[in-house]
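Okay, so here's the structure we're looking at.
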Amino acid sequence: MKPSIPKGTRDFSPTEVAQRNYIFNTIKATFETYGFQPIETPSFENSSTLMGKYGEEGDRLIFKILNSGDYLKKVDEQLLQEKKSNAVTSKISEKALRYDLTVPFARYVVQHQNEITFPFKRYQIQPVWRADRPQKGRFREFYQCDADVVGSTSLLQEVDFVQLYDAVFSKLNLVGTTIKMNNRKILSGIAEVIGAKEKLIDFTVALDKLDKIGKDGVVTEMLGKGITEEAIEKVSPLFSFTGSNSEKLDALANMLQASEEGTKGVEELRFVCNTIQELGLQSASLEIDVTLARGLNYYTGAIFEVAAPKEVKMGSIGGGGRYDDLTGIFGLKDVSGIGISFGLDRIYLVMEELGLFKTVSLPKPKVLFLNFDSENDSIKLKAIQSLRSKNIKSELYPDVAKSNNQQKKQWKYAINRGIEFVVSKVEDNQFLVKDMTQGTQNTCSLDELINTVQ
RNA sequence: GUGAUUGUAGCUCAGCUGGUUAGAGCGCCGGAUUGUGGUUCCGGAGGUCGCCGGUUCGAAACCGGUCUUUCACCCCA
C-alpha cells in the first residue's frame, strides 16, 4: 500500500513546525497583550449549529460527519429512491467539522453566558476544515487565529483590532501589509441608492474589476446585470475612487446623503480612520475598499480584510468584521460582537516567499555523546542526566559503532543536526569534547564540560 | 461546481518519432581508505513506469476512463 494523505492536507517537518510555532507564539503573545483570553471548542459541532450561517456556498463546503451505526435504516425509502442528496444528508449526518471559529464562539457565548463577564474578549487558535478544492494558499485543513470581543458596540474595538493587526505583522517583520476596511452599512447605503438590494452583490463584483477591465467595462457589466443608468450615475464617484481615505470618505458621504444607514456607515468608518491616523501604524497601511463585501453574511458593520505585501501573490491573510446579531441565532439578543482572524497557513507561505524565517532555529540537542563502545555507558548516562537537569539538551547516540564506517555515521549525524558539542571519548571520568563550530577539542571533567557548554 | 495541468526507485528527474534485461544524481545499507568533520573508491538493496481498460507483433511512451498533483475561475484564511 502506497502511503498518502487526503487532498488539501499536509504533513509538517520539524523545521516547518518550528517556523509555524514562531508565528503561533507571536500571534498568541500579541493577543494576550491586548487583553484576550484563550478558549477552545470541539473540532466538530452539531450540524444545526453550523448550517445556514455561511450562505449557500459555505454550506456546501462544510465537511459532514456520517452518523454511526446503521445510518441508512432511518432514512425514508422514498428519499433514497429520489436520490435527493441534501434531504438524505440531513438524515444520515448530524455532526460536522467546524468551518470557522466565529460561529462556534457565538455558540459558546450563548451556552456559557452565565459564566461570562461582558465585554468578553477571547482568542482561539485551532484548525478549521473546508471541503474546498485546494490550490495555492488554499487547504482543506488550516489554522485560524481568531480574536473577538462580544458585548461592546464601541468603535474603539474596531480601532483596537486595526492596531492588533499592525502589531502582529510588525512583530513578524512582515512589512507592507494592507488592512482593507469597509462597512456593511455603506454597502446597504449603496444598494439603497442604486435602488436594488438584490443587485448589490452583482454591483460590488463588477466594481471590483475596475482596475482589470476599466470604467467602461464595469459600466457595461452593470448594465448587463440590470442596474439602471440613473443608478450608475448616482454612484459614479466610485469609478474614480482613488485618493486618500479622507477623500474617499468625503465622496462617499456626498454620495450617500440620502441614505441614513449609508451615512452612519461613513461616519463609523471616518471615526476609525481618523483615530488610527492619530495613533499611527508601524508597518501596515489602512485603506478603504468599497468592493470589500465578504461572503460571510453575518457581518453588519465594519469589515476587515488583510492583503499580503504586493510582491507576493496570495489571497487575503486575515479577515473579520462586526456582527450585531450572531448570538441572536442561538437565542441571546442584543449582544454585538466584532472579531478578526489571522490565516496562519497563508502567513506562513508569504513569510516563506519573502525569506523571513532565517532567524527561526530548530530545537536540537546541544551536546551529543558518541557511542563507540558500551564500556562507560553509566558514566555517559549520568553525565547526560546532569546536563539535562541544567536544561542543556543532550543525548547519547543510541547504537554502538561496530566499524569505522559506523563511527563516521555518528559524526555525520552530529553535523547534519548542527550539534554544537560532541563528546567522543569518556575515560576515567574525563570527557573528550569537541566544539564543532570552532573545530577545537579538549579533555575535561564533567563540571568543566557543563561550564563550557552552558 | 467549471477549466487546465501532473504522475517513472525514498527524493530530484532522464528515457528521442512506440522496439531487447527501464537509467542517472542524491539518499539508504555493507565494505575499504582517510587518526574524530561533509574526502575518495568498491559493492548492494530498492521500480506492478498512478490504477483499469483499449489500439498494436510489441506500450513507460498512443487512445479512453479513473484516481492523484499543481494552478486559474468561483469563493475564501
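All chains are named by letter (A, B, ...) in the order of the sequence lines, taking the proteins before the strands, and each is independently numbered beginning at 1.
- At the heavy-atom level, A:Gln144 lies under 4.0 Å from the strands shown only through sugar-phosphate atoms.
- With sequence neighbours excluded, the residues that form a ring pair (Phe, Tyr, Trp, His ring centres under 6.0 Å) with A:Tyr123 are A:Phe31.
- Counting any heavy atom pair closer than 4.0 Å across all strands shown, A:Ile317 reaches sugar-phosphate atoms only and no base atom.
- A pairwise comparison of heavy atoms in A:Ile329 and A:Lys53 identifies CG2-CE, 3.4 Å as the closest pair.
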Pairwise N/O distances under 3.5 Å, protein to nucleotides 31-35 of chain B:
{"unit_1": "B:G31", "atom_1": "N7", "unit_2": "A:Asn405", "atom_2": "ND2", "d": "3.0"}

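- Both geometric conditions, a ring-centre gap below 5.5 Å and a plane tilt below 30°, are fulfilled for A:Phe142 over the base of B:A77.
- Ring geometry, A:Tyr165 versus A:Phe304: the interplanar angle exceeds 60°, so the pair is classed perpendicular (tilted spans 30 to 60°).
- Per the geometry, CZ belonging to A:Arg98 stands 14 Å off C1' belonging to B:A77, to the nearest Å.
- Under 4.0 angstrom from either OP1 or OP2 of B:C29 there lies at least one side-chain N or O belonging to A:Lys409.
- Comparing the C1' positions of B:A22 and B:C16 gives an interatomic distance of 15 Å, to the nearest angstrom.
- Between the side chain of A:Arg133 and the base of B:U2, a donor-acceptor pair under 3.5 Å is found.
- Between A:Ile27 atom CD1 and B:A77 atom C1' the separation is 11 Å, expressed in whole Å.
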For this session: Carefully, step by step, assess A:Gln124 and A:Arg122 under the rule side chain to side chain donor-acceptor pair (under 3.5 Å).
Result: CA-CA 7 Å; A:Gln124 195 170 348; A:Arg122 84 86 173 78; 2.8 Å; yes
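- Between A:Gln135 and B:A72, a side-chain N or O to OP1/OP2 separation shorter than 4.0 Å is present.
- Taking atom C1' on both B:A45 and B:C28, the two are 9 Å apart, rounded to the nearest angstrom.
- Judged purely by atom type and a 3.5 angstrom limit, A:Ser93 uses its side chain to pair as donor or acceptor with the backbone of A:Ile65.
- Take A:Phe421 and apply the ring pair (Phe, Tyr, Trp, His ring centres under 6.0 Å) test, not counting sequence neighbours, and it matches no residue.
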Exercise. Stepwise, does the salt bridge (charged side-chain N to carboxylate O under 4.0 Å, His left out) test hold for A:Arg417 with A:Glu395?
Worked result: CA-CA 12 Å; A:Arg417 294 200 60 191; A:Glu395 66 178 47; 3.6 Å; yes
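- The CD1-P distance, from A:Ile303 to B:C75, rounds to 15 Å in whole Å.
- Among the atoms of the strands shown, none is found under 4.0 Å from any heavy atom of A:Ser341.
- Taking every heavy atom of both residues into account, A:Ala96 and A:Ile62 meet most closely at CB-CG2, 3.5 Å.
- Residue contacts shown for A:Leu432 include a base, since a base heavy atom lies under 4.0 Å away.
- Counting to the nearest Å, the P atom of B:U36 and the CG atom of A:Asn371 are 16 Å from each other.
- When the P atom is used for both B:C13 and B:G54, the distance is 33 Å, rounded to whole Å.
- Across A:Ile179, A:Asp148, A:Val149, a single residue satisfies side-chain contact (heavy atoms from CB on, under 4.5 Å) together with A:Phe161, and that is A:Val149.
- Using a 4.0 Å heavy-atom cutoff across all strands shown, A:Lys434 reaches at least one base atom of the nucleic acid.
- Comparing the same atom, C1', in B:G44 and in B:U66 gives a spacing of 38 Å after rounding to whole Å.
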Might you list the N or O atoms of the protein lying below 3.5 Å from N or O atoms in nucleotides 67-69 of chain B, with each pair's distance?
none

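- Residue A:Arg60 is the one, among A:Lys425 and A:Arg60, whose nearest nucleotide of RNA chain B lies closer to the 5' end (criterion: closest heavy atom).
- For the pair A:Phe369 and A:Ala383, the tightest heavy-atom approach, listed with the atom from each and the gap, is CZ-CB, 3.9 Å.
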For this session: In sequence, state the C-alpha distance, the side-chain angles, and the governing distance for A:Arg10 and A:Glu16, and then conclude on side chain to side chain contact (heavy atoms under 4.5 Å, CB included).
Result: CA-CA 11 Å; A:Arg10 296 147 299 155; A:Glu16 288 166 323; over 6 Å; no
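- More than 12 heavy atoms of other residues, nucleotides or ligands sit less than 6.0 Å from atom CD of A:Gln135.
- In this structure a side-chain-to-backbone donor-acceptor pair under 3.5 Å is missing from A:Asn183 to A:Leu269.
- A donor-acceptor pair is defined here as one N or O able to donate and one able to accept, closer than 3.5 Å; no such pair exists between the side chain of A:Tyr143 and the backbone of A:Phe342.
- Contacts of A:Phe139 with the nucleic acid, taken as non-hydrogen atoms under 4.0 Å apart, include base atoms.
- Summarising the geometry of A:Phe357 relative to A:Glu352, their closest heavy-atom pair is CE1-N, 3.7 Å, with the distance given to 0.1 Å.
- Contact annotation for A:Gly137: base contact, defined as any heavy-atom pair under 4.0 Å involving a base atom.
- The stretch residues 437-454 of chain A comes close to RNA chain B through A:Gly439, A:Gln441, each having a heavy atom under 4.0 Å from the strand.
- Between B:G10 and B:A72, the two C1' atoms lie 32 Å apart (nearest whole Å).
- The NZ-P distance, from A:Lys412 to B:G30, rounds to 12 Å in whole Å.
- Between A:Arg20 and A:Asp345, at least one side-chain N (NZ, or NE/NH1/NH2) sits under 4.0 Å from a carboxylate O, which counts as a salt bridge.
- A donor-acceptor contact under 3.5 Å is not formed by the side chain of A:Arg130 with the base of B:C75.
- RNA chain B contains the following stems of three or more consecutive Watson-Crick or G-U pairs, with both distances under 3.5 Å: B:1-4 with B:70-73, B:10-13 with B:23-26, B:28-32 with B:40-44, B:50-54 with B:62-66.
- Annotation: A:Lys91, atom NZ; neighbour count of heavy atoms from other residues, nucleotides and ligands within 6.0 Å does not exceed 12.
- Atom C1' of B:C67 sits at a distance of 23 Å from the matching atom of B:C73, rounded to the whole Å.
- Using P as the reference atom, B:G3 and B:A60 are 31 Å apart when rounded to the nearest Å.
- Atom CG of A:Leu349 is separated from atom C1' of B:U70 by 14 Å (rounded to the nearest Å).
- Atom C1' of nucleotide B:A72 and atom CZ of A:Arg138 are separated by 10 Å, given to the nearest angstrom.
- Across the P atoms, B:A9 and B:G23 are found 14 Å apart, a figure rounded to whole Å.
- Atom pair A:Glu57:CD and B:C73:C1' shows a separation of 12 Å (rounding to whole Å applied).
- Of the two residues contacting RNA chain B, namely A:Ile415 and A:Asp132, the nearest-nucleotide position lying further toward the 5' end is that of A:Ile415.
- Contact annotation for A:Asp435: base contact, defined as any heavy-atom pair under 4.0 Å involving a base atom.
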